[in-house]
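These notes are about the structure you will find just below.
Naming convention: chains lettered A, B, ... in sequence-line order (proteins, then strands); numbering from 1 in each chain. Quick caveat, the model's predicted, so the values are computed rather than measured.
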Number of protein chains: 2
Amino acid sequence: MAQTATAYRDEAPIAALLEGQPLFRGMSPELRATFAQAAQLQSLNKGSVLFLQDDEAEWFYLIISGWVKLFTETMDGDEAVIDMVSNGHLIGDSAILEDSIHSFGAAAVEPVKALRLPSSLLKQAITDDHKTALAMLGALSRHRKRQSREIESLTLQNASQRIGCFLLRLCDPNGQMPLELTLPYDKSLIAARLGMKSETFSRALNKLRKETTLSIKGSMVTVSDLDELSVYVCSACSNEFPCKDLHG
Amino acid sequence: MAQTATAYRDEAPIAALLEGQPLFRGMSPELRATFAQAAQLQSLNKGSVLFLQDDEAEWFYLIISGWVKLFTETMDGDEAVIDMVSNGHLIGDSAILEDSIHSFGAAAVEPVKALRLPSSLLKQAITDDHKTALAMLGALSRHRKRQSREIESLTLQNASQRIGCFLLRLCDPNGQMPLELTLPYDKSLIAARLGMKSETFSRALNKLRKETTLSIKGSMVTVSDLDELSVYVCSACSNEFPCKDLHG
DNA sequence: CGCGCCGTTGAGTTGTCTCAAATCACGTGG
DNA sequence: CCACGTGATTTGAGACAACTCAACGGCGCG
C-alpha cells in the first residue's frame, strides 16, 4: 500500500508492461493507471512460492520473466504439476471468480520477475468495466481449451507421444528444416508437467529419438523431420500439427 | 428462424427453463424473451449427435434431461470422453469465445431433451450486456476448476480411486448412513469418462468393493462407511471429501 | 427361443513406476 | 586450474497397473 517512494520510479515501466497484456490493453488509461499504481514488481528466487493452494487470493500475478510451476499437492505428499507458465501469463486471477481461494499453488522454478496486483482491484474492474470482463472471458476461454487438450493428452497419448507433442509445440511450423530447440526448463520438470516420472521421461525420450529423426544433446534438441514427428505424435490426438492455442 | 407457428405454444415453458439457469437468470426479461423466442426444444434419441468437433458453432445447447457425452476423436479412431453432462448444463457455449468452432463433439447417450439456441445471440448478449458477460465468466470459471481437478485425478489417482471419487460425488455428505446410489449411466461410459477401459473398470470396482465397505448390485451401489471410502480416495487427491463444485 | 448388448473373467502383454546405482553437469572453494 | 559436492539425468532390474484379446454369463427384446 505504501510505495509512494518507489512509485514514480516504477510506474512508467510497469504501465508499459501492462499495456502488452490483453487483459489490460483494452482498459481506459485511467483504469490501467490504477493497476499500475497498485502493482509491485517482485524478483523471486528459484523455489520461492507465490501462493499456495487454499490461500486467500489477495493477489494475482503477471509473469514478466522466468518459469512458474502451478501445482497441487495430495494429502500423502504427491504433487501434480498442472501447468508451467512464463512471460506474459496471468496466474491466480481466476480465483476471484470463485471463492477467492487459490485452487492451486504457484512457485518459481528459476529466478522470476512478476508483477503482483491486488485481486480486489481486478474484481472491481470486472464488475464495473465491461471491456475488462470481456478480456477476462477471452483469457479464461483460452485456458479452458488448453486444459481440454491436456486431458485428452493424458488419456490418449503414451509417454513418448506426450513428449513429442511437447516438442512440437516448441517448433516453428515455418522454420528451416533442421530445427534447433532448447528445452525451456529442466527435464525433470517437463516430466512432471507431462504427468510422468523423470526416469520414464528419460527412457521415453530415447524411444522417441530412435523412432523419429531426432537428436538430443543435453537440453538441445534437433528435429530434422517435422512431418515424421508430427505423424508419430498426432495420430493419437484430435489435432494435427500446427496445433494452435497451445504453448509451453 | 421460422418457428412462428410453434412459438407461442413453446415460449412459456421455454422461458421457465431459461429462468432456472444462472446464465439467463440475471438477464432483463426482454433479453431473455429474445432467447426464448429463438430457442428450439429438441428431443434426441440415444446416439444422436448434437455437434462434432470442428463443426461451425452455430448453436449452443441447454440440456433439459438425459445424459450427453462430450468427446474428442483421434486420427486413428480412439475416443476420449472429456465430460458427461446433464440437466441444467450448457454445452457448446464456450466456442463463441474462441473461433466459433467446436473444440469437442457432443452426443446423446440416452434419450435427451435439449434447448437449441443460436450462438450469435449469445455472442451479441455477451458483447452488449455486462450482466450476461459476468454470468458467462462464472460458468467458465467453474468449468476451469472442474477441469483442473480432472487433470489432477488422471495424474495422481489409480483406477479404483478414480471410481471411488466418482461415487463420492454422487453421495450426499449429510445422508443417512447406508447410502443407496444409482449409477447415472452405463458402466462402460463411466469407465470412458474416467479414462479407463471397461474391463479395467470392472476389476477396479471389485477391488474397491473388497477394500472399502461397499456393495454392488447391477447399477445400485450401497456405501455403508463414507469415511472409509473418502480416506481411500482422497489420500491421493488435494481435496477432502465433501469436495464442492464437482458433479457428474 | 435366440439374438445382441453389456458386463465380467481369464491369460498374457505392454507401459509405467519403484528402488538403487552409476554417471554427468556445474558451481564452489582451495 | 582442479578436486569436490550437489543436484540432475540416465540406466538396470523387478514389481505392478492397465491394456488387449478372447470367451462366457446374464438380461432385455423381438
Identify whether any heavy atom of A:Ala159 sits under 4.0 Å from a base atom; if not, whether one sits that close to sugar-phosphate; answer base, sugar-phosphate or nothing.
-> sugar-phosphate

Looking at B:Arg116 and B:Glu58, does any basic side-chain N land under 4.0 Å from a carboxylate oxygen?
-> no

Judged by atom type as modelled, is there a donor-acceptor pair below 3.5 Å linking the side chain of B:Gln53 to the main-chain atoms of B:Phe71?
-> no

Look at the aromatic rings of B:Phe51 and B:His102 and report parallel, tilted or perpendicular, splitting at 30° and 60°.
-> parallel

Can a side chain N or O of A:Lys197 be found less than 4.0 Å away from OP1 or OP2 on C:dT18?
-> yes

Atom CZ of A:Arg162 and atom P of C:dG15 are separated, to the nearest Å, by 13 Å

Under-4.0 Å side-chain N/O to phosphate OP1/OP2 contact, B:Thr200 with D:dA17 = no

B:Asn158 side chain, from C-beta outward: closest of C:dG7, D:dA18, C:dG15 = D:dA18

Proximity to the side chain of A:Glu199 - top-ranked nucleotide from C:dG7, C:dC19, D:dT20 | C:dC19

In whole angstrom, what separates A:Lys46's NZ from C:dG27's C1'?
-> 12 Å

Identify which one of A:Ile163, A:Ile216, A:Val221 satisfies the side-chain contact (heavy atoms from CB on, under 4.5 Å) criterion when paired with A:Arg209.
-> A:Ile216

Taking the side chain of B:Ser202 as its heavy atoms from C-beta onward, which of C:dG7, D:dT10, C:dT8 lies nearest to it?
-> C:dT8

Is any N or O donor-acceptor pair between the side chain of B:Arg203 and the base of C:dG7 shorter than 3.5 Å?
-> no

Measure the distance from CD1 on A:Ile163 to C1' on C:dG15 and round it to the nearest whole Å.
-> 13 Å

